[in-house]
Number of protein chains: 2
Amino acid sequence: MRQDGRLARGERTRTAVLDQALVLATVSGLDGLSLSQVADALGVSKSGLFAHWRSKLQLQLAVIDHARQQWTDLVIRPALAEPAGVRRLWAAHDRRLAFYEAGTLPGGCFFGNAHFEFNARPGVIRDRLAEEQSAWMTFLTGVATEALDLGELRAGTDPAQLAYLIEALGVCTVMRPEPASFRYARLALHAHLRTVAIDPDNLPEPK
Amino acid sequence: MRQDGRLARGERTRTAVLDQALVLATVSGLDGLSLSQVADALGVSKSGLFAHWRSKLQLQLAVIDHARQQWTDLVIRPALAEPAGVRRLWAAHDRRLAFYEAGTLPGGCFFGNAHFEFNARPGVIRDRLAEEQSAWMTFLTGVATEALDLGELRAGTDPAQLAYLIEALGVCTVMRPEPASFRYARLALHAHLRTVAIDPDNLPEPK
DNA sequence: TATCTTTACGACCGGTCGGTCTTTTTGTTA
DNA sequence: TAACAAAAAGACCGACCGGTCGTAAAGATA
């Protein structure tokens, strides 16, 4: 940081590298990510990357943090802007779908791709990815629990099971990013919420 | 093939290589698959592989075929052994879950991993994987359509949407292969079928 | 047993990878 | 402008990759 408060040169480089690395990692895989390609794509030297991160592993972990930040800004925060309860639950689902429907970043879902990539490969990265996944599921389950506590869902509804359904529908849209997938993902959750919501007619309509 | 009908030496080697390659590809990725590792794991020479497949790409395509054969034997065929209709639809879901619940092959789902790996990488392999995925969805949709035609599902039920739900629940179990996932995946489909089936009490109970 | 085809081996090549090291440039502050 | 620290550059290394080629072994046939 400089005296005038503007971003230092190094900081600008770091975010530029992370942006580029996130895209490349989403396409080529987090492990298939090549530092040479990242450097070439930005027109910088590969050795310079090691001035900012000690190793490829550190850069990979930084990319995960970067992706989570993006996810927080574009999905979680907008959902939290909705009133707690079924509406917030729907918003979490809808914003996630919108995030990938819009193709904000190419190559599909970074977390989904990385999660499948490291599913069977124990290590720091898999643990970190599992944490992120767990945090997301906890968030969904928490919103569902809120809805239950607010009396918007039938007693006996299992928040974790509801969160699981939302997650499943979301993952599948990433796997098959066709218009029909997004429609089905919205219709399916809508149909399910109609069966567990106290006031089915007060649900947001799936577009 | 020899005169006595037993497998020729080359054929035995080919299947051994494909078995090993399928496991390694599931863990390390279909692209991350290393021919050297395959050869070392089997105690054969790497160059020998090129006597059976012209290139790595050809071996990768052969691995896909190998995986599909396994899938056909262990999931599709048992489902087809059930009577057409809702029961067969349930069997397709249940057998798929059982396949991964049992951990038949380590590293999760080959097709799932490979599909996410090549999601954003155009080429022969992605096209081939898309074909396999499409064939599986067509199968599910066909079974659902049968159930509809047999009058076991409410008129107006969308078979493709139902197939999508089944696929979503299945994919999510692969992503999070915990006992709770399999339970949720069965409960969720059961709950949904109860809302669209003509005779909800005739459904198989989820274990 | 002799022959011949299939199959397997091992040395080797060009290329890319992650990572290290030294040097040069750049931007900020005094 | 001079000095200093941060940042970027570029040559280089060992390891591993997919792939080639000439040669040796193994099994079926006669």
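Numbers restart at 1 for each chain; the letters A, B, ... are given by sequence-line order, proteins then strands.
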Which whole-number value in Å describes the distance from [X] [atom1] to [N] [atom2]?
| X | N | atom1 | atom2 | answer |
| --- | --- | --- | --- | --- |
| B:Leu42 | C:dC9 | CG | P | 10 Å |
| A:Leu33 | C:dT16 | CG | P | 17 Å |
| A:Leu24 | C:dC17 | CG | P | 11 Å |
| A:Leu35 | D:dA8 | CG | P | 15 Å |
| B:Arg12 | C:dT6 | CZ | P | 17 Å |
| A:Asp40 | C:dG18 | CG | P | 11 Å |
| A:Glu11 | C:dG27 | CD | C1' | 16 Å |

Using side chain to side chain contact (heavy atoms under 4.5 Å, CB included), reason through B:Leu150 and B:Val86 one step at a time and then give a plain yes or no. CA-CA 9 Å; B:Leu150 289 171; B:Val86 170; over 6 Å; no
Is there a side-chain contact between [X] and [Y] (heavy atoms, below 4.5 Å)?
| X | Y | value |
| --- | --- | --- |
| A:Val63 | A:Trp53 | no |
| A:Asp65 | A:Arg128 | yes |
| B:Leu162 | B:Leu89 | yes |

* So which of residues 45-62 of chain B are in contact with DNA chain C, with a heavy-atom cut-off of under 4.0 Å? ->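 Close to the strand are B:Ser45, B:Ser47, B:His52.
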Check your understanding: If you look at every strand shown and take non-hydrogen atoms under 4.0 Å, does A:Gly32 touch a base, only sugar-phosphate, or nothing?
Key ->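 No contact at all - A:Gly32 keeps every heavy atom at 4.0 Å or more from the nucleic acid.
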Quick one: list whatever passes side chain to side chain contact (heavy atoms under 4.5 Å, CB included) with A:Glu167, sequence neighbours left out.
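Only A:Arg96, A:Gln133, A:Trp136, A:Met137, A:Leu140, A:Val171, B:Cys172, B:Met175 meet the side chain to side chain contact (heavy atoms under 4.5 Å, CB included) criterion with A:Glu167.
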List every contact pair, protein side and nucleotides 14-16 of chain D side both N or O, where the distance is under 3.5 Å.
none

ask   = Going through the checks in order, is the side chain to side chain contact (heavy atoms under 4.5 Å, CB included) test met by A:Tyr164 and B:Thr173?
value = CA-CA 10 Å; A:Tyr164 179 87; B:Thr173 64; 3.1 Å; yes
**Asked** When you look at A:Arg121 and A:Asp31, which way does the side chain to side chain contact (heavy atoms under 4.5 Å, CB included) test go after all the steps?
**Response** CA-CA 11 Å; A:Arg121 304 164 74 174; A:Asp31 203 58; 3.0 Å; yes
- Sub-3.5 Å donor-acceptor pair from the side chain of B:Thr145 to the main-chain atoms of B:Thr141, do we have one?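 It does hold such a pair.
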